[in-house]
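Remarks on the structure that follows.
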Amino acid sequence: MQQLATTDGLTGIANRRQFDRVLRLEWRRLAREELPLSLIMFDIDFFKLYNEFYGHLGGDDCLRQVAGAIATATKRAGDLAARYGGEEFAVVLPNTSAEGANAVAQQICDGIASLKLPHARSSIGPYVTLSCGIATAIPSAQESPDTLIRSADSALFQAKTEGKNRICHASSNSESSPIFM
């Protein structure tokens, strides 16, 4: 019963409820230990167009494959891959620097590229791509995990605004890494 309450029924990874719970727990734990917490947020580029072209069953299959690639790249026991909502995913990386989070994000994007999921409606290329936003903080009791979510979401928005298929970091708005697949 616990697994049903914490797992996304479509993708098999953690759901939003579990994401919120784990992020809060890690925020409090790492605030005590004064260690970094990183958050990566991903969005499948042009997913609405994907769904319209391939249908909802095709879209569901795409979501499952993307979730699998994300879960494969999160290897440590404390890391959490979650479906944040719709075509958006998140990865919680306790005790991970911005550089470490960037390496995980790049590994996930490389994993998606290796799947070569056709995307006939993408203006970026012939395959499914991701936009990624990364935020890293040393949690404090004076702030909430919502600040980390807002920062990662802002970096994700920047990645999408700059042309999609790239990784952006909240710590430096000018820092952006295009991903060529």
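Nothing fancy with the numbering, it's 1 onward along the sequence. Every heavy atom of this structure was used, including side-chain atoms; hydrogens, water molecules and symmetry mates were not.
Taking both residues in full, the closest heavy atoms of A98 and H169 are given as O-CE1, 4.3 Å, listed atom of the first, atom of the second, then distance. Between N51 and G59, the shortest heavy-atom distance links the atoms OD1-CA, 3.2 Å. Smallest separation of non-hydrogen atoms from P118 and V128: O-CG2, 4.2 Å. For the pair C132 and C109, the tightest heavy-atom approach, listed with the atom from each and the gap, is SG-SG, 3.4 Å. A105 and I167 get closest at one heavy-atom pair: CB-CD1, 3.9 Å. Shown here for A5 and R17, the closest heavy-atom pair between the two residues is O-NH1, 3.3 Å.
With contacts defined as side-chain heavy-atom distances shorter than 4.5 Å, the pair D110/Q106 qualifies. The side-chain heavy atoms of F47 and L63, taken from C-beta on, include a pair separated by under 4.5 Å. Two residues are said to be in side-chain contact when any heavy atoms from C-beta on lie closer than 4.5 Å; I70 and V66 meet this criterion. The side-chain heavy atoms of N95 and P36, taken from C-beta on, include a pair separated by under 4.5 Å. Contact annotation: the side chain of C168 approaches that of R166 to within less than 4.5 Å [non-hydrogen atoms, C-beta and beyond]. A heavy-atom distance below 4.5 Å is not found between the side chains of S38 and S97. Taking the side chain as every heavy atom from C-beta outward, E88 and D153 approach each other to under 4.5 Å.
Under a 4.5 Å side-chain heavy-atom criterion applied to ILVMFWY residues, the cluster that includes I149 comprises F19, V22, L23, W27, L30, L35, L37, L39, M41, L80, Y84, V92, L148, L156 as well.
Listed for the Y54 side chain is a donor-acceptor partner under 3.5 Å among the backbone atoms of A120. With S151 contributing its side chain and T147 its backbone, the two residues share a donor-acceptor pair below 3.5 Å. Listed for the T161 side chain is a donor-acceptor partner under 3.5 Å among the backbone atoms of F157.
Both I44 and F53 are members of a single hydrophobic cluster when ILVMFWY side chains are connected at heavy-atom separations under 4.5 Å. Under the 4.5 Å side-chain heavy-atom criterion for Ile, Leu, Val, Met, Phe, Trp and Tyr, L115 and L10 are members of the same hydrophobic cluster. Note: the hydrophobic cluster containing L93 does not contain I138 (ILVMFWY, side chain heavy atoms under 4.5 Å, direct or indirect links).
The distance from the CD atom of E33 to the CZ atom of R28 is 13.0 Å, given to the nearest 0.5 Å. Atom CZ of R121 and atom NZ of K48 lie 13.5 Å apart (nearest 0.5 Å). Atoms CZ and CD, from R21 and E26 in turn, are 10.0 Å apart once rounded to the nearest 0.5 Å.
Salt bridge K164/D45: absent, no basic N to carboxylate O contact under 4.0 Å. Ion pairing between a basic and an acidic side chain is recognised when a charged N comes within 4.0 Å of a carboxylate O; D20 and R24 show no such pairing.
Evaluation of the side-chain hydrogen bond (donor to acceptor under 3.5 Å, both in side chains) rule for D146 yields no partner, not counting sequence neighbours. Scanning for side-chain hydrogen bond (donor to acceptor under 3.5 Å, both in side chains) contacts around R76 gives D79, T96, with sequence neighbours left out.
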Item to complete: Take F89 and I40 through the side chain to side chain contact (heavy atoms under 4.5 Å, CB included) test and state the conclusion after the steps.
Response: CA-CA 8 Å; F89 296 88; I40 309 170; over 6 Å; no
Discussion item. Using the rule given for side chain to side chain contact (heavy atoms under 4.5 Å, CB included), can you reason through K116 versus Y127, listing the C-alpha separation, both sets of side-chain angles and the distance that settles it, and then say yes or no?
Written reply: CA-CA 6 Å; K116 294 188 186 288; Y127 302 114; 3.6 Å; yes
Worksheet item: Between F42 and I112, does a side chain to side chain contact (heavy atoms under 4.5 Å, CB included) hold up when you go through it step by step?
Response: CA-CA 12 Å; F42 301 92; I112 298 300; over 6 Å; no
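For T7 and N15, the side-chain atoms include no donor-acceptor pair closer than 3.5 Å. Under 3.5 Å, the side chains of S131 and D43 contain no donor-acceptor pair of N or O atoms.
Here H119 and Y50 bring their ring centres to under 6.0 angstrom of each other.
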